[in-house]
Structures are given as C-alpha cells and as structure tokens.
Protein chains: 2
Amino acid sequence: MKKKQFKTLYPRNIETVNGRPLDYCGIRCSMEVLGGKWKLLIVAELFKNKKRYSELKRSIPEISEKMLISSLQELEHHNIVVRTVVEAIPPQVEYSLSKYGQSVRPVLETLFGWGESHIKKHSDKIFH
Amino acid sequence: MKKKQFKTLYPRNIETVNGRPLDYCGIRCSMEVLGGKWKLLIVAELFKNKKRYSELKRSIPEISEKMLISSLQELEHHNIVVRTVVEAIPPQVEYSLSKYGQSVRPVLETLFGWGESHIKKHSDKIFH
DNA sequence: ATACCTACTTACTAAAATGTTAGTGCCCTA
DNA sequence: TAGGGCACTAACATTTTAGTAAGTAGGTAT
C-alpha cells in the first residue's frame, strides 16, 4: 500500500506570502483546501448533521463513490472532517465536522448567499 | 466568427432548486461564476483599482494571456467586470468592477480570510 | 528596416479533475 | 445459495481546465 499524496498547501515557502499580495495566497489556499466540485457540498451536508458514508451518498446522489471518498479523505487530511469507525455489523463509518471544520461556515454561507442571490437576479434570463 | 459559448447558469430549471437543498444550487452557482484558477484573483486586483489589460498582466504575472482574457470575458459576461475601450494610441482597454461586481467583496474577503488563517494555523507544518 | 507596443485570437498540447466499472470481504436476509 | 448492504479500492476512460506558442494589425521608437 502506497501512501496517499495530498496537495501541499499553497504557498510552499514564506517568501511567497511576502512576495505576493496576501490575498493571492489566502484565496489560493482556500481554493486548494475547499475547492473542487463536491467538497463544499459535502461540508454543507455535514453542517446539517454528522452522516455515515452511505447517508452522504444518498444526500448527494449525483456524486460518484470515488469523488465522495476522495473528497472526504482530503477534507479529513486537512482536519475539516473527522472519520469515526463504529464497531458494528454491518460496519459503520461516521463523518462529522471537526471543531476546525466549523470555521468553514462563513465561507459556505457567503458563497451560498452570493450564488443564491445571483440565481434570483438572473432567474428571468435563465428561465426566460 | 462564431459566438463564444459561456456556461449556462446552474441550475437549468427551477425544479432543480426545489428538488435539491438551496445551498447546493447557491454554492454551485458561485463556483460556476467565480470558480477557476484565476477569476477571483483578477477580481481582487480590480477591487484595488481599475486596470488596463497589460496592467493586469503585470499584476498577476503567472497568468497566461489566454487565461487572463478568457477569465475577463467570462466575468464581463456575468456582468461582474466592465470593459471600456479608451480611444488612444496605442489602444487602451480598461477593466473595472461593475456595481454588481462590488457584491463579490464578501465572497472574496471570507475566502481570503479563511485561507489566510489556515495558512497561519498550519505554517509550522508547512515551513517546519 | 527592425523590433516592440497594444489587446487580443487561434490552434494545439498537457495536465488535472472527474466519471465509469468492476471488485473486495464481511455479514445479513429471503 | 443468491443477492444485497456496507465502506471502500483500483484501473482505466473521459471531460474539463489550463498552458504554450504563434499570429494579427496599427502604430511608435531606434
């Protein structure tokens, strides 16, 4: 078994922070950790409640198992979600937000809010 | 000349909004309009000041011309940036945030803030 | 005459992200 | 004993995104 490789955090050295405007690094870092098609949706689900793997699958039926598991693993790697194995038959694995994961809430809310109002603003164009 | 195709706004029909939790659509929409490697960085630059094409290029030297122009065009398409041609020699094209574009500020700030604090929190791990 | 400036466009390539399909081992139920 | 739920993993294919390199056209500076 080879170890999973996760992306290293942007930036790689402190000079990058000083050499570039900080916003550049901050935004990039957020995108690296929370970006991608599914991660924030998973986090949103976990804000509602901790969920088992199969419950998450049912909550977000469009996601493939590969993306679900790899997103969860990356989020766990970044200490945003916590994976708990419950000894039971059949096996149960629970995913929940870590304390640190709670800090993602404002990101989620702002993005959700902006997108929602964007949809409303343009709903006439979309739905003619 | 064929017309540029821009992604249609998520979701495509109103049922999707009702059929899924709203956060799903809101987040997806935000990602569709503001996502990608460069768009938010460009918007961040334009929050500092309106800038000419070549100034943007200098501000974000890592970006390729292709990505710069296509990001700008998509942002213009979504009415977030405004493109103004200044009749002059050599030609000048100014890009600035639209009024609507100003509404992106909280998104930018939250993402920047979270990423920045994430970098700080993990700076020991990154830079040991 | 040559090179460079401006703001782009086009064609092509490479890399990254995501999707598909099948399979694992354990146990349970019909 | 056949099939299904559970929580995954692995190999491979496809799609999406981003990067590279060259070209355009009018003008200026050397």
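Convention: sequence-line order gives letters A, B, ...; per-chain numbering from 1.
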Exercise for review: Under the side-chain contact (heavy atoms from CB on, under 4.5 Å) rule, collect the residues that match up with B:Ser70, sequence neighbours excluded.
Suggested key: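 Residues passing side-chain contact (heavy atoms from CB on, under 4.5 Å) with B:Ser70: B:Met67.
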
Exercise for review: Tell me what B:Glu55 touches on the nucleic acid: a base, only sugar-phosphate, or nothing, going by heavy atoms under 4.0 Å.
Suggested key: nothing

Please report the distance, rounded to the nearest Å, between [atom1] in [X] and [atom2] in [N].
X	N	atom1	atom2	answer
B:Glu94	C:dT6	CD	P	14 Å
B:Ile69	D:dT17	CD1	C1'	18 Å
B:Glu76	C:dC8	CD	P	9 Å
A:Lys57	D:dC6	NZ	C1'	8 Å
B:Ile60	D:dA18	CD1	P	13 Å
A:Leu56	D:dC8	CG	C1'	14 Å
B:Met31	D:dT17	CE	C1'	15 Å

Review point. Has the side chain of A:Glu55 got a donor or acceptor atom that lies under 3.5 Å from a matching backbone atom of A:Arg52?
Key: yes

Distance test, side-chain N/O of [X] to OP1/OP2 of [N], below 4.0 Å:
X	N	result
A:Arg83	D:dA7	no
B:Gln73	C:dT9	yes
A:Arg58	D:dC6	yes
B:Ser54	C:dA7	yes
A:Tyr95	D:dC8	yes
A:Arg52	D:dA7	yes

**Study point:** salt bridge (Lys or Arg N to Asp or Glu O under 4.0 Å) partners for A:Glu76, two or more places apart
**Key:** none

Practice item. Can you sort out the partners of B:Lys37 under salt bridge (Lys or Arg N to Asp or Glu O under 4.0 Å), two or more places apart, ordered by chain and number? Key: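 For B:Lys37, no residue satisfies salt bridge (Lys or Arg N to Asp or Glu O under 4.0 Å) once neighbours in sequence are set aside.
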
**Study point:** side chain to side chain donor-acceptor pair (under 3.5 Å) partners for A:Ser71, two or more places apart
**Key:**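 Scan of A:Ser71 (side chain to side chain donor-acceptor pair (under 3.5 Å), adjacent residues dropped) gives none.
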
Can you give the donor-acceptor pairs under 3.5 Å from side chains of residues 96-103 of chain B to other protein atoms, not counting sequence neighbours?
| unit_1 | atom_1 | unit_2 | atom_2 | d |
| --- | --- | --- | --- | --- |
| B:Ser98 | OG | B:Asn79 | O | 2.6 |
| B:Ser98 | OG | B:Ile80 | O | 3.1 |
| B:Ser98 | OG | B:Tyr100 | N | 3.3 |
| B:Ser98 | OG | B:Gly101 | N | 2.8 |
| B:Tyr100 | OH | A:His118 | ND1 | 2.4 |
| B:Ser103 | OG | A:Trp114 | NE1 | 3.0 |
| B:Ser103 | OG | B:Tyr100 | O | 2.6 |

Check your understanding: Could you run down nucleotides 15-29 of chain C 5' to 3' and tag each one B, S or - for protein heavy-atom contact under 4.0 Å?
Key -> --SBBB------SS-

**Study point:** More than 12 heavy atoms of other groups within 6.0 Å of B:Lys51 NZ
**Key:**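 Correct, the count exceeds 12.
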
